[in-house]
Novice: 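Handing you a structure now.
Note that the structure is predicted; figures quoted are calculated from it, not measured. Count residues from 1 along the sequence. Whatever order the structure lists them in is the order used to number ligands and atoms, beginning at 1.
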Amino acid sequence: MKIAIIGTGNLGLAIAKGLITNNAITTLYMTRRNPATIESYAEYKNVFVTSDNLEAVQKSDILIFAVQPAQLAKILHDIKDELTDKHVLISTITGYAISQIEAIVGTDQFIIRAMPNTAIAVGASMTCLASNEKGMKRIKVAEAIFNRLGNSLIIPENQMQAATVVCASGIAFWMRLIRATTQAAIQLGFDAHEAQELAMHTCNGASKLLIESGNHPEEEIDRVTTPKGCTIEGLNEMEHKGLSSSLIQGMVASFNKINVIKTDQK
Ligand SMILES: NC(=O)C1=CN([C@@H]2O[C@H](COP(=O)(O)OP(=O)(O)OC[C@H]3O[C@@H](n4cnc5c(N)ncnc54)[C@H](OP(=O)(O)O)[C@@H]3O)[C@@H](O)[C@H]2O)C=CC1
Ligand SMILES: O=C(O)[C@@H]1CCC=N1
């Protein structure tokens, strides 16, 4: 596949790393206005680093946009005359509706919204996908790309805002939980390195148990909570302090912030 990443910052670079590591490209164009920091990627075979978005569009079929929300409109105006029937436009931009993209490039384009997360760099992104009517004909192409770099789910576009919080921001939320459990492990006597190993692999195990068994988390919790034991003591103390409630409220706040991001674009 001939892929261009327009805007190779945090997310764009994570996507590029995933594509390169998983041999998922025929050619890959990586663009940003100041490409010096990503120049080293041009050493990979068939990878091109440039500040020239037009060249990247002309030489590629799949265009993955990963610029900040306020930067997209100008780029779409700049490249729209280069778009042909071969192009599939994939936008990862938060709060930027397909209708807003269509308003610039027209409805006769394959347009897909994708919401990956930075675990795409290690082939472990949970990516949600939605498309315009024409884009349905190319959604399988997007699925193939993102399934190679993790898991994907096709959703209605009106769920994209929630998917952004759960999956894209979700990586940061889980990281904070891993950091907190690491801090606790240090307080309980492990050195910092060991503490992080214990926290990361326990988190990985919890996730794997659910993925492989299909069980509900409470079913697995019941297997750990010995009556009158230390686990239920810890869990109940966490809930008294508002663990679940604070996570839910944080995620709802994150969701509401996207409404502000959307308003800023208008
Ligand atoms: N970070 C994440 O985990 C996720 C982010 N997203 C979405 O992805 C988008 C990017 O986020 P993020 O990677 O964090 O942001 P960054 O600011 O890290 O990346 C944006 C990149 O776009 C480049 N850029 C800006 N203008 C242009 C231009 N005209 N042509 C080419 N490149 C340009 C910038 O580089 P330069 O200044 O050199 O041009 C920068 O590297 C956002 O819309 C965000 O909502 C979605 C899911 C997850
Ligand atoms: O924080 C943000 O706005 C972007 C979208 C999801 C992850 N990063």
Novice: So, the side chain of Ser207 versus the backbone of Cys203: is there a donor-acceptor pair under 3.5 Å, distance only?
Specialist: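 Such a contact is absent between Ser207 side chain and Cys203 backbone.
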Novice: Just to be sure I read this right, does ligand 1 sit under 4.0 Å from the backbone of Thr164, its side chain, both, or neither, counting only heavy atoms?
Specialist: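 For Thr164, there is no contact with ligand 1 at all, from either part.
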Novice: Can you find a side-chain donor-acceptor pair between Ser152 and Asn147 that sits under 3.5 Å?
Specialist: yes
Novice: What do you reckon, does Ile6 have a nitrogen or oxygen under 3.5 Å from a nitrogen or oxygen of ligand 1?
Specialist: no
Novice: Starting from atom 23 (C) of ligand 1, which protein heavy atom do you reach first, and at what distance in Å?
Specialist: Gly7 CA, 3.7 Å
Novice: Is there a heavy atom of Ala14 sitting under 4.0 angstrom from any atom of ligand 1?
Specialist: no
Novice: Among protein heavy atoms, which sits nearest to atom 32 (N) of ligand 1, and what does the distance come to when rounded to 0.1 Å?
Specialist: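 For this ligand atom, the closest protein heavy atom is Arg32 CA, 3.3 Å.
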Novice: Look at the side chain of His87 and the backbone N and O of Gln58, then say whether any donor-acceptor pair between them is shorter than 3.5 Å.
Specialist: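 The answer is no, because no donor-acceptor pair under 3.5 Å joins these two groups.
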Novice: Is ligand 1 under 4.0 Å from a heavy atom in the side chain of Lys74, in the backbone, in both, or in neither?
Specialist: neither
Novice: Can you report which non-hydrogen protein atom sits closest to atom 28 (C) of ligand 1, along with the distance?
Specialist: Ile75 CD1, 3.5 Å
Novice: Go through ligand 2 atom by atom and flag the ones less than 4.0 Å from a non-hydrogen atom of Thr94.
Specialist: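 Checking each atom against Thr94, I get 5 (C).
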Novice: What do you reckon, does Val67 have a nitrogen or oxygen under 3.5 Å from a nitrogen or oxygen of ligand 1?
Specialist: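 The answer is yes, given that Val67 and ligand 1 share an N or O pair closer than 3.5 Å.
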Novice: Starting from atom 21 (C) of ligand 1, what is the nearest protein heavy atom, named by residue and atom, and what distance separates them?
Specialist: Gly9 N, 3.7 Å
Novice: Report the part of Gln71 in contact with ligand 1, treating N, CA, C, O as backbone and CB onward as side chain, heavy atoms under 4.0 Å; options are side chain, backbone, both, neither.
Specialist: side chain
Novice: Give a yes or no answer on whether the side chain of Gln100 reaches the backbone of Ala97 with a donor-acceptor pair at less than 3.5 Å.
Specialist: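 It does hold such a pair.
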Novice: Please check if the side chain of Ser254 supplies one atom and the backbone of Gly250 the other of a donor-acceptor pair under 3.5 Å.
Specialist: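 It does not hold such a pair.
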Novice: Is the shortest side-chain N to carboxylate O distance from Asp52 to Arg33 below 4.0 Å?
Specialist: no
Novice: Do the non-hydrogen side-chain atoms of Val252 and Gln249 ever get within less than 4.5 Å of each other?
Specialist: no
Novice: Does only the side chain of Leu72 get under 4.0 Å from ligand 1, or the backbone, or both, or neither? Count heavy atoms.
Specialist: neither
Novice: Do the side-chain N and O atoms of Asn259 and Gln161 include a donor-acceptor pair separated by under 3.5 angstrom?
Specialist: yes
Novice: So that I can tick it off, tell me whether Asp61 and Lys86 are bridged by a salt bridge, with the cut-off set at under 4.0 angstrom between side-chain N and carboxylate O.
Specialist: yes
Novice: Heavy-atom count around Gln183 CD within 6.0 Å, excluding the residue itself: above 12?
Specialist: yes
Novice: Heavy-atom contacts with Thr8 under 4.0 Å: which atoms of ligand 1 show up? List them by number with element.
Specialist: 41 (O)
Novice: To which protein heavy atom is atom 7 (C) of ligand 1 closest, and what is the distance rounded to 0.1 Å?
Specialist: Thr92 O, 3.3 Å
Novice: Are Gln109 and Lys80 close enough that a side-chain donor and a side-chain acceptor fall under 3.5 Å?
Specialist: no
Novice: Quick test: of every protein heavy atom, which one is nearest to atom 27 (C) of ligand 1, and how far off is it to 0.1 Å?
Specialist: Arg33 NE, 3.7 Å
Novice: For atom 8 (N) of ligand 2, find the nearest protein heavy atom and state the residue, atom name and distance (0.1 Å precision).
Specialist: Ser169 OG, 4.9 Å
Novice: Using a strict cut-off of 4.0 Å, indicate which atoms of ligand 1 neighbour a heavy atom of Pro116.
Specialist: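 Selected atoms, number and element: 47 (C), 48 (C).
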Novice: For the pair Ser125 (side chain) and Asn117 (backbone), establish whether a donor and an acceptor sit closer than 3.5 Å, ignoring hydrogens and angles.
Specialist: yes
Novice: Quick one: which ligand 1 atoms are inside 4.0 Å of a heavy atom on Met115?
Specialist: 46 (C), 47 (C)
Novice: When you compare the side chain of Ser131 with that of Lys137, does any pair of heavy atoms fall below 4.5 Å?
Specialist: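 No. Closest side-chain heavy atoms not under 4.5 Å.
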Novice: Considering only non-hydrogen protein atoms, determine which one is nearest to atom 20 (C) of ligand 1 and report residue, atom name and distance to 0.1 Å.
Specialist: Ala66 O, 3.5 Å
Novice: What protein heavy atom sits nearest atom 18 (O) of ligand 1, and how far away is it?
Specialist: Asn10 N, 2.9 Å
Novice: Within a radius of less than 6.0 Å around CZ of Phe190, do more than 12 heavy atoms belonging to other residues, nucleotides or ligands occur?
Specialist: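 No, the 6.0 Å shell around CZ holds no more than 12 heavy atoms from other groups.
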Novice: Ignoring hydrogens, just give me the one of Ile120, Thr94, Ile15 whose non-hydrogen atom is nearest atom 45 (O) of ligand 1.
Specialist: Thr94
Novice: Got a protein heavy atom sitting under 4.0 Å from atom 2 (C) of ligand 2?
Specialist: no
Novice: Would one find more than 12 heavy atoms of other residues, nucleotides or ligands at under 6.0 Å from atom CZ of Phe173?
Specialist: yes
Novice: Just distances here: any N/O of Thr118 and N/O of ligand 1 closer than 3.5 Å?
Specialist: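 Looking only at distances, the answer is no, because the N/O contact criterion of under 3.5 Å is not met.
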Novice: Between the candidates Thr31, Ile38, Ile79, which shows the shortest non-hydrogen contact distance to atom 31 (C) of ligand 1?
Specialist: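 Checking each option, the heavy atom nearest atom 31 (C) of ligand 1 is found in Thr31.
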Novice: For the 3.5 Å polar cut-off, considering only N or O atoms, please tell me whether Asn117 and ligand 1 meet it.
Specialist: no
Novice: If the cut-off is 4.0 Å to any non-hydrogen atom of Ala168, which atoms of ligand 1 fall inside it?
Specialist: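 Those qualifying, in numeric order: 47 (C), 48 (C).
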Novice: Any nitrogen or oxygen of Leu11, side chain or backbone, less than 3.5 Å from one on ligand 1?
Specialist: yes
Novice: Taking side chain as C-beta onward, heavy atoms only, is Phe48 less than 4.5 Å from Leu28?
Specialist: no
